[in-house]
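One structure below.
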Amino acid sequence: MFFDGAANFKGVGIGAVLVSEIGQHYPISAKLSFPCTNNMAEYEACIFGLKLAIDMNVQELVVIGDSDLLVHRVLGEWATKNTKILPYLYYVQELMNRFTKIEFKHVPRIQNEFADALDTLSSMIQHPDKNFIDPIPVGIHNQPAYCAHVEEETDGNPWFHDIKEYLAKGE
């Protein structure tokens with residue numbers, strides 16, 4: 001599971017992506033309608049993803065994020081006395097108990113692009129007082145759009161026939 005949170009001048013967004021063993025991606029994101037710091041947004045995103053994994057009955061999970069602070073605190077390597085962060089930390093630790101195996105890893109931001117894009121998009125969107133926005137489909141195109149529009153040749157030969165003849169015969 002990848003997670004990320006973003007707090008900027010437009011708002012706060014969180015995103016998480018669960019990736020199955022066969023490579024299926026399950027992205028989720030949300031815009032937060034309450035003020036919070038960037039660190040709080042990171043915890044919100046992590047919790048959001050952990051809850052999705054629990055709802056999907058995942059038993060073993062690798063949690064990957066670009067928040068060095070969050071990962072080291074959750075692993076117990078760094079301490080915090082911040083009263084705004086402690087409840088988040090305790091809640092993450094409580095959710096960790098729902099898994100038979102859980103591991104946390106820190107990665108550079110460049111390796112967390114999908115979750116980063118989700119949180120940035122969520123933070124930037126300005127929408128009315130709706131609680132839900134229809135999902136945004138993200139597809140993969142393997143060729144430029146103009147390749148899909150090739151007119152059929154009237155002489156029955158493929159479109160490249162004239163080019164091939166020119167290259168072969170110079171005519």
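Residues: numbered from 1 along the sequence shown.
In this structure the side chain of L70 never reaches within 4.5 angstrom of the side chain of N39, judged on heavy atoms. D4 has its side chain out of reach of L118: every pair of non-hydrogen atoms, C-beta onward, lies at least 4.5 Å apart.
Here the straight-line distance linking atom CG of L75 with atom NE2 of H72 works out to 7.5 Å at 0.5 Å rounding. Atom-to-atom distance recorded for F2:CZ and D66:CG is 10.5 Å, nearest 0.5 angstrom. Taken from CG in L89 to CD in E94, the straight-line distance is 12.0 Å, to the nearest 0.5 Å. Between L69 atom CG and W78 atom CH2 the span is 6.0 Å, to the nearest 0.5 Å. With rounding to the nearest 0.5 Å, the separation of CD in E60 from CD1 in I102 is 11.0 Å. Separation of atoms CZ (R98) and CG (L61) is listed at 13.0 Å; rounding is to 0.5 Å.
Cluster membership check: F99 shares its hydrophobic cluster with V74, using side-chain heavy-atom separations under 4.5 Å among Ile, Leu, Val, Met, Phe, Trp and Tyr. Linking ILVMFWY side-chain heavy atoms closer than 4.5 Å, directly or via other members, places Y43 and V62 in two distinct hydrophobic clusters. By the rule that hydrophobic residues join a cluster once side-chain heavy atoms approach within less than 4.5 Å of another member, V12 and L121 end up as members of separate clusters. Residues I47 and V17 fall into different hydrophobic clusters, defined by Ile, Leu, Val, Met, Phe, Trp and Tyr side chains chained together at heavy-atom separations under 4.5 Å.
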query: Passes side-chain contact (heavy atoms from CB on, under 4.5 Å), Y26 versus M56? Steps please.
result: CA-CA 10 Å; Y26 300 94; M56 293 179 72; 3.9 Å; yes
- request: Before giving the answer on side-chain contact (heavy atoms from CB on, under 4.5 Å), spell out for L18 and H25 the whole-Å C-alpha distance, their side-chain angles and the decisive distance to 0.1 Å.
  value: CA-CA 6 Å; L18 231 56; H25 287 62; over 6 Å; no
query: Passes side-chain contact (heavy atoms from CB on, under 4.5 Å), V19 versus F114? Steps please.
result: CA-CA 11 Å; V19 182; F114 198 163; over 6 Å; no
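Checked for salt-bridge contact, K105 and E103 meet the test: a charged N lies under 4.0 Å from a carboxylate O.
The main-chain N or O of I14 is never found under 3.5 Å from a side-chain atom of D119 such that the two would form a donor-acceptor pair. Side chain of S123 to main chain of T120: a donor-acceptor pair is present (N/O by atom type, distance under 3.5 Å, no hydrogens or angles). A donor-acceptor pair under 3.5 Å links the side-chain atoms of N38 to the main chain of A7, judged by distance alone. Judged purely by atom type and a 3.5 angstrom limit, N112 has no side-chain atom pairing as donor or acceptor with the backbone of A115.
Annotation: F34, atom CZ; neighbour count of heavy atoms from other residues, nucleotides and ligands within 6.0 Å is above 12. Under a cut-off of 6.0 angstrom, the local environment of CD1 in I110 is sparse, with at most 12 non-hydrogen atoms contributed by other residues, nucleotides or ligands.
Side-chain atoms of Y88 and E44 form a donor-acceptor pair, as typed in the model, at a separation below 3.5 Å.
With respect to F104, the side-chain contact (heavy atoms from CB on, under 4.5 Å) criterion is satisfied by exactly one of M96, R73, M1: M96.
Of all heavy-atom pairs between A41 and A6, the closest is CB-N, 4.0 Å. The two residues A45 and G5 make their nearest non-hydrogen contact at CB-N, 4.0 Å.
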